[in-house]
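Working notes, structure below.
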Amino acid sequence: MTSPTLLIERQDHVLTLTLNRPERANAFNLEMTRALQRALRAEASDPDVRCVVLRGSGNYFSAGQDLREMEQVAGESYYQHLRQTYNPLIVQLRRLEKPVLASLRGAVAGAALGIALACDLRIAAEGTRFTVGFLGIGLVPDSGVSLFLPLMIGLGRASALAFSNVPFDAAQALDWGVVNRVTSPDELDAQTMAWAQQLARGPVKAMGLTKRAFNHALLPNLEDVLEYEGQLQAIAQHHSEHREGVQAFMQKRPPKFY
Ligand code: T3D
């Protein structure tokens with residue numbers, strides 16, 4: 001079953017998955033999350049696919065959870081929502097034993113930051129802004145951000161970025177090793193495909209085993225972390241800070257937390 005929220009293309013053993021909700025900065029709704037889970041399960045596991053590219057259509061990679069659909073999510077527990085959506089997605093990305101390359105532009109925020117960091121490699125267009133996002137709406141980092149971000153940039157920087165919600169740019173991300181390459185916006189698609197094709201021509205079996213080794217060495221507690229993030233999110237969900245954060249976003253004004 002295909003969904004208009006996710007474009008799926010194959011070329012030269014490269015599977016390209018394009019998040020396609022440009023009118024909402026490619027924010028994730030349930031349909032898009034499920035479509036991505038399905039594509040990773042069915043398409044990406046095909047032996048003919050030797051590299052996966054994850055990108056966004058239009059001007060953004062993704063703004064994370066669709067906050068305009070948050071009210072529907074709020075009816076249920078965020079904990080249950082995370083267990084059905086981002087948590088399995090992050091595990092799928094880490095368990096897929098072939099290279100996954102995130103191609104980033106515009107903004108990368110919230111759950112989308114977790115998804116980008118769960119990929120193996122990242123290329124970003126100059127000007128891309130990375131925002132932790134969660135605390136801006138009174139939530140705690142989920143989608144593995146509480147693990148991947150301090151692991152990549154250190155606890156002090158991760159704390160400062162999470163608490164301030166101030167974005168960092170592609171040049172800073174390159175300096176910190178959050179992204180591997182930065183290119184001009186006009187070149188991003190071509191550079192992404194050239195790199196993906198190069199990866200696809202490489203020893204993909206050995207890359208998959210290397211990924212398994214890295215998971216074992218550095219991320220043995222990934223599933224515990226995702227579960228714990230969900231439990232914390234269930235606490236944050238019911239706090240007035242979250243209500244204020246979402247209202248402020250809808251009303252396009254800064255949040256007032258006290
Ligand atoms: O259980 C659970 O699922 C809980 C888990 C939650 C996971 C999360 O991801 S929580 C974090 C959610 N994301 C955010 O808080 C980010 C919010 N967005 C932003 O900070 C900014 O919009 C961006 C940095 C992404 C982009 O800024 P900018 O200035 O380039 O663009 P903009 O004007 O703010 O946004 C462009 C449009 O996209 C705008 O629509 P409009 O007004 O032109 O019709 C904006 O409302 C929309 N948009 C941006 N982010 C979201 C969004 N629509 C829905 N959900 C969004 N997250």
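None of these values were measured; they are calculated from a predicted model. Any value given below was found using the heavy atoms of this structure, including those in side chains, with hydrogens, waters and symmetry copies removed. Counting convention: from 1, in listed order, for ligands and their atoms alike.
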Quick one: which ligand 1 atoms are inside 4.0 Å of a heavy atom on [X]?
| X | value |
| --- | --- |
| G110 | 9 (O), 11 (C) |
| K252 | 41 (P), 42 (O) |
| G64 | 9 (O) |
| A107 | 25 (C) |
| A111 | 7 (C), 8 (C), 9 (O) |
| Y86 | 3 (O) |

| request: Would you check, one step at a time, whether the test salt bridge (Lys or Arg N to Asp or Glu O under 4.0 Å) holds for E43 with R10? | output: CA-CA 9 Å; E43 304 269 345; R10 282 199 201 195; 3.3 Å; yes
Any chance the side chains of [X] and [Y] put a donor and an acceptor closer than 3.5 Å?
| X | Y | answer |
| --- | --- | --- |
| Q231 | E227 | yes |
| Q237 | Y79 | no |
| T183 | Q191 | no |

| query | Only one of R122, Q172, M152 clears side-chain contact (heavy atoms from CB on, under 4.5 Å) with V179; which? | reply |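 Running side-chain contact (heavy atoms from CB on, under 4.5 Å) over R122, Q172, M152 with V179 returns exactly one hit, R122.
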| task | Please name the residue in the list D48, L199, V49 that meets the side-chain contact (heavy atoms from CB on, under 4.5 Å) test with H13. | result |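 With H13 as partner, D48, L199, V49 yield a single side-chain contact (heavy atoms from CB on, under 4.5 Å), made by D48.
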What distance separates [X] [atom1] from [Y] [atom2], expressed to the nearest 0.5 Å?
| X | Y | atom1 | atom2 | result |
| --- | --- | --- | --- | --- |
| S45 | L40 | OG | CG | 9.0 Å |
| S146 | L226 | OG | CG | 7.5 Å |
| L54 | L19 | CG | CG | 5.0 Å |
| E241 | K256 | CD | NZ | 12.5 Å |
| N29 | Q65 | CG | CD | 8.0 Å |

| said: Would you call the rings of Y78 and H242 parallel, tilted or perpendicular, taking 30° and 60° as the class edges? | reply: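 Y78 vs H242 ring planes: perpendicular.
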Record the part of [X] in heavy-atom contact with ligand 1 below 4.0 Å; permitted values are side chain, backbone, both and neither.
| X | result |
| --- | --- |
| D66 | both |
| D142 | side chain |
| A27 | side chain |

| Any protein heavy atom sitting closer than 4.0 Å to atom 31 (O) of ligand 1? |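 There is a protein heavy atom less than 4.0 Å from atom 31 (O) of ligand 1.
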Could you identify the single nearest non-hydrogen protein atom to [atom] and state the distance to 0.1 Å?
| atom | result |
| --- | --- |
| atom 36 (C) of ligand 1 | Y60 OH, 4.0 Å |
| atom 50 (N) of ligand 1 | A63 CB, 3.2 Å |
| atom 57 (N) of ligand 1 | Q65 O, 2.9 Å |
| atom 48 (N) of ligand 1 | F249 CZ, 3.8 Å |
| atom 15 (O) of ligand 1 | L67 CD1, 3.7 Å |
| atom 38 (O) of ligand 1 | A25 CB, 3.7 Å |
| atom 46 (O) of ligand 1 | R68 NH2, 2.7 Å |

| task | Let me see the working for E223 and R95 under salt bridge (Lys or Arg N to Asp or Glu O under 4.0 Å), right down to the final yes or no. | result | CA-CA 12 Å; E223 291 183 35; R95 288 217 182 123; 2.3 Å; yes
| request: Return the option from R21, M250, H81 holding the heavy atom at the smallest distance from atom 1 (O) of ligand 1. | output: H81
So, does [X] sit close enough to ligand 1 that a heavy atom of it is under 4.0 Å from the ligand?
| X | answer |
| --- | --- |
| Y79 | no |
| F28 | no |
| R129 | yes |
| Q237 | no |

